[in-house]
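Worksheet: one structure, shown below.
Note that the coordinates shown come from a computational prediction; the quantities given were computed from them, not determined experimentally. Every chain is numbered from 1 and lettered A, B, ... according to where its sequence line falls, protein lines coming before strand lines.
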Amino acid sequence: MSTAPITNIATIGQHVGEAVTLRGWLYNMRSSGKLLFPTFRDGSGTIQGIVPKAAVSEELFEALKNLTLESSVVVTGKVAAHPKQPDTFEIQVEDVTITQRVSDETPYPIQLKEAGVDFLMEHRHLWLRTPRQSAILRVRATIQRAAAEFFDTRDFVRTDPPILTPNACEGTSELFEMKYFDDDMAYLTQSGQLYIEATALALGKVYSFGPTFRAEKSKTRRHLTEFWMIEPEVAYLDLDGLMELAEGFLTHIVTRVLEAHRNDLKVIGKDVEKLEAVVAPGHFPRLSYDEAHQMLVDAHAKGLIENAHTYGDDFGSPDETYISNQFDKPVMVHRYPAEVKAFYMQPDPKDPTKALCVDVLAPEGYGEIIGGSQRVDSYDLLKSRIEAHNLPMEAFQWYLDLRKYGSVPHSGFGMGIERCVAWVCGLEHVRETIPFPRTLNRIYP
RNA sequence: UCCUGAGUAGCUCAAUGGCAGAGCAUUCGGCUGUUAACCGAAGGGUUGUAGGUUCGAGUCCUACCUCAGGAGCCA
């Protein structure tokens, strides 16, 4: 075996003129008579190899010529600039060890050509190998790291809430239910918020980051039944401070993605200028519910949206799309009517019919990626809200305790990682943002 | 839950109610700079399931199944 240093494809440009070893898979094969052009991938990228018949042994040439796609290989060869494509490299193959050859009887099922959603999802474990899917997962990892890093470097303490809970956090959406030993029922968490309100009052500034579950029968490009959420919660923070936090947070994430993933974004097909506009100088626009409503009324009058928005109702998907399309940065819509929002949101002292809450709408019609609010800090008000929403009072005793012992104004938000990734990458559907998406009709593979 | 659409070769799709087709993939052959290479050949089908109409159904009708898009709800 060769002694050439092991390298990866992403950084292979540093080794032009040198012999290197790549460990990966056969991604594609083209040939032209006595020239082979195998394309290899190694998880960090793809590179074309070139194999003239005269340059290698007869056995190796034949073995390579008949090699099946996605067979695993260790390749040794000299790195050279691509003769036709600028900033691209190729490897002049000298030796190949086949780690495992894909059988002729069971060829790799996923073609390089287009395929349908059902087929790809059924083969998600293999679909992940395509350059686009790999690029998306790299961007996702950076978004997750940047999101945690933003809070870690600002003295937030990460506190992980439970995943098994005894009751609905918000008393709203459908929960996944399971038996908890003999007599009790448990539910998969739909948000860690209530629990991190407790840790925020212990530690000041906290965040949680983990999976959440919704048993909603939603069948759209924005919904998964299992998704990841990052949620900060801060004592003594008001709504304005929360909006500043959200703005800095998203700016940081997009900055990190632009630093590290211009190539990946190109593979994915995202227009990088759209992201550069997000981090350009200037604040994210802030719009009150009333202003947003007026915007929709005007748009309907001009025939720009189909359905008139009724004052007092939440915004529908088409409404959010219209509003976000008016700006090239994320839009923060605040102070919704309290009636359409959750029971724990603090009323606006200037207009108690409004809640001190904010939804951040991503550009390009990606909809709500962040939802947050200032929380009710009065014991009596919270108790009456729990009653008004017909929630089981005994389950919320601990939550009420937080208002009994040193209650303070506090605020927090939650961001769904998958929607953020879909927006940053410009994807049609959130199912591509997570390795193994869980949707209404699919839990395999 | 509701609305809409789609199920035909391994994949992506054609086929006026009248012989089941193409491209890609696979196998075989050709080609010394190919770019989802190209050229030639071969194999590959219970047309989602069950009924019905008809001389004849992939095509029309009914029910069901599966998937997708949207609404509602949400991140």
Side-chain angles (χ1 to χ4, degrees), chain A residues 27-39 46-55 61 65-66 68-70 80 82-85 88 90 92 102-123 126-127 130-132 169-170 172-174 190-193 211-231 306-307 313-321 340-342 359-362 366-372 413-423 428-431 433-434 439-442:
Chain A
Y27 175 67
N28 193 18
M29 175 69 82
R30 291 182 290 271
S31 68
S32 181
K34 297 181 174 53
L35 269 184
L36 303 180
F37 298 97
T39 303
T46 60
I47 188 169
Q48 172 173 284
I50 174 160
V51 192
K53 193 174 196 319
F61 190 83
K65 190 175 153 191
N66 296 314
T68 41
L69 298 190
E70 285 301 321
H82 194 290
K84 288 183 179 174
Q85 295 172 9
T88 306
E90 63 179 19
Q92 296 166 346
V102 173
S103 162
D104 295 314
E105 277 75 52
T106 56
Y108 187 66
I110 298 187
Q111 298 179 39
L112 274 48
K113 293 219 171 192
E114 78 275 12
V117 169
D118 193 24
F119 177 79
L120 290 173
M121 291 298 291
E122 206 64 24
H123 295 83
L126 302 176
W127 186 25
T130 59
R132 175 185 159 88
C169 276
E170 307 184 14
T172 52
S173 56
E174 302 275 333
Q190 58 171 346
S191 164
Q193 182 201 313
T212 53
F213 307 86
R214 306 267 168 102
E216 301 279 355
K217 300 207 167 175
S218 298
K219 232 171 27 174
T220 81
R221 66 185 65 193
R222 299 178 307 281
H223 288 87
L224 299 171
T225 54
E226 175 183 319
F227 64 99
W228 283 63
M229 194 148 64
I230 186 161
E231 300 175 276
E306 208 172 310
N307 296 312
D313 285 359
D314 207 344
F315 300 125
S317 238
D319 300 329
E320 288 184 353
T321 299
V340 300
K341 288 292 179 180
D359 280 0
V360 182
L361 309 181
Y366 277 92
E368 182 185 349
I369 49 170
I370 285 180
F413 65 73
M415 182 183 80
I417 292 292
E418 287 73 20
R419 284 196 186 168
C420 182
V421 175
W423 159 55
E428 278 294 306
H429 200 296
V430 289
R431 65 179 157 236
T433 65
I434 185 167
T439 58
L440 182 56
N441 293 316
R442 198 180 293 279

Partner set under side chain to side chain donor-acceptor pair (under 3.5 Å) for [X], not counting sequence neighbours:
| X | result |
| --- | --- |
| A:Asp359 | A:Tyr336, A:Lys341 |
| A:Thr106 | none |
| A:Thr220 | A:His223 |
| A:Arg431 | A:His429 |

Atom [atom1] of [X] to atom [atom2] of [N]: distance rounded to whole Å?
| X | N | atom1 | atom2 | value |
| --- | --- | --- | --- | --- |
| A:His82 | B:G33 | NE2 | P | 13 Å |
| A:Leu440 | B:C74 | CG | P | 17 Å |
| A:Phe413 | B:A75 | CZ | C1' | 12 Å |
| A:Glu105 | B:G10 | CD | P | 16 Å |
| A:Glu122 | B:G10 | CD | C1' | 14 Å |
| A:Gln92 | B:G33 | CD | P | 15 Å |
| A:Asn28 | B:C38 | CG | P | 10 Å |
| A:Met29 | B:G33 | CE | C1' | 15 Å |

Inter-nucleotide [atom1] distance ([N], [M]), Å rounded:
| N | M | atom1 | value |
| --- | --- | --- | --- |
| B:U12 | B:U26 | C1' | 16 Å |
| B:U32 | B:A37 | C1' | 14 Å |
| B:G69 | B:G58 | P | 30 Å |
| B:U53 | B:U46 | P | 26 Å |
| B:G18 | B:U59 | C1' | 11 Å |
| B:C11 | B:G70 | C1' | 27 Å |
| B:U49 | B:C73 | P | 39 Å |
| B:A71 | B:C19 | P | 43 Å |

Contact class for [X] vs. all strands (heavy atom < 4.0 Å): base, sugar-phosphate, or nothing?
| X | answer |
| --- | --- |
| A:Thr39 | nothing |
| A:Pro109 | nothing |
| A:Gly367 | nothing |
| A:Ile50 | base |
| A:Leu224 | base |
| A:Gln85 | base |

Report the nucleotide, chosen from [options], that has the shortest atom-to-atom distance to any side-chain atom of [X].
| X | options | answer |
| --- | --- | --- |
| A:Phe227 | B:A75, B:G33, B:A37 | B:A75 |
| A:Arg419 | B:C11, B:A75, B:U35 | B:A75 |
| A:Phe119 | B:U35, B:C11, B:C31 | B:C11 |

Mind checking side-chain contact (heavy atoms from CB on, under 4.5 Å) for [X] and listing every partner two or more places apart, or none if nothing turns up?
| X | value |
| --- | --- |
| A:Asp104 | A:Thr68, A:Arg101 |
| A:Lys219 | A:Leu440, A:Asn441 |
| A:Pro131 | A:Tyr27, A:Thr46, A:Val267 |

Between protein and nucleotides 21-29 of chain B, what N or O pairs are separated by less than 3.5 Å?
unit_1, atom_1, unit_2, atom_2, d
B:C24, O2', A:Gln111, OE1, 2.7
B:C24, O2, A:Gln111, OE1, 3.4
B:C24, O2, A:Gln111, NE2, 3.2
B:U27, OP1, A:Asp104, OD1, 3.0

Is it the case that the side chain of A:Glu418 and the backbone of A:Trp228 share a donor-acceptor pair, with hydrogens and angles ignored and the cut-off at 3.5 Å? yes
Are the side chain of A:Arg214 and the backbone N or O of A:Gln190 linked by a donor-acceptor pair below 3.5 Å? yes
Tabulate protein N/O versus nucleotide N/O from nucleotides 46-49 of chain B, keeping only pairs under 3.5 Å, one per line.
none

Distance, nearest 0.5 Å, that separates [atom1] of [X] from [atom2] of [Y]:
| X | Y | atom1 | atom2 | value |
| --- | --- | --- | --- | --- |
| A:Ile434 | A:Thr439 | CD1 | OG1 | 11.0 Å |
| A:Ser191 | A:Met229 | OG | CE | 4.0 Å |
| A:Thr225 | A:Arg442 | OG1 | CZ | 12.0 Å |
| A:Arg222 | A:Ile369 | CZ | CD1 | 13.5 Å |

Between the side-chain atoms of A:Glu90 and the base atoms of B:G33, is any donor-acceptor pair under 3.5 Å? yes
Decide side-chain contact (heavy atoms from CB on, under 4.5 Å) for A:Thr39 and A:Arg30; before the verdict, give the C-alpha distance in whole Å, the side-chain angles of both, and the deciding distance to 0.1 Å. CA-CA 8 Å; A:Thr39 303; A:Arg30 291 182 290 271; 3.8 Å; yes
Collect all protein-nucleotide pairs involving nucleotides 63-72 of chain B in which both atoms are nitrogen or oxygen and the distance is under 3.5 Å.
unit_1, atom_1, unit_2, atom_2, d
B:C67, OP1, A:Asn441, O, 2.9
B:C67, O3', A:Arg442, NH2, 3.4
B:A68, OP2, A:Asn441, ND2, 3.2
B:G69, OP1, A:His429, NE2, 3.3
B:G69, OP1, A:Arg431, NH1, 2.9
B:G69, OP1, A:Arg431, NH2, 3.2
B:G69, O3', A:Arg221, NH2, 3.2
B:G70, OP1, A:Arg221, NE, 2.1
B:G70, OP1, A:Arg221, NH2, 2.8
B:G70, OP2, A:Arg221, N, 2.9
B:G70, N7, A:Lys219, O, 3.3
B:G72, O6, A:Ser218, OG, 3.3

Go through it in stages, so that I can follow the logic: the residues are A:Arg419 and A:Glu368, the test is salt bridge (charged side-chain N to carboxylate O under 4.0 Å, His left out), and I'd like the CA-CA distance, side-chain angles, deciding distance and then a yes or no. CA-CA 8 Å; A:Arg419 284 196 186 168; A:Glu368 182 185 349; 5.1 Å; no
Just N and O in the side chain of A:Arg30: are any of them under 4.0 Å from OP1 or OP2 of B:A37? yes
List for me each residue that meets ring pair (Phe, Tyr, Trp, His ring centres under 6.0 Å) alongside A:His123, sequence neighbours excluded, and say none if there are none. A:Phe119
Involving RNA chain B, stems made of at least three consecutive Watson-Crick or G-U pairs, both distances under 3.5 Å: B:1-7 with B:65-71, B:10-13 with B:21-24, B:26-30 with B:38-42, B:48-52 with B:60-64
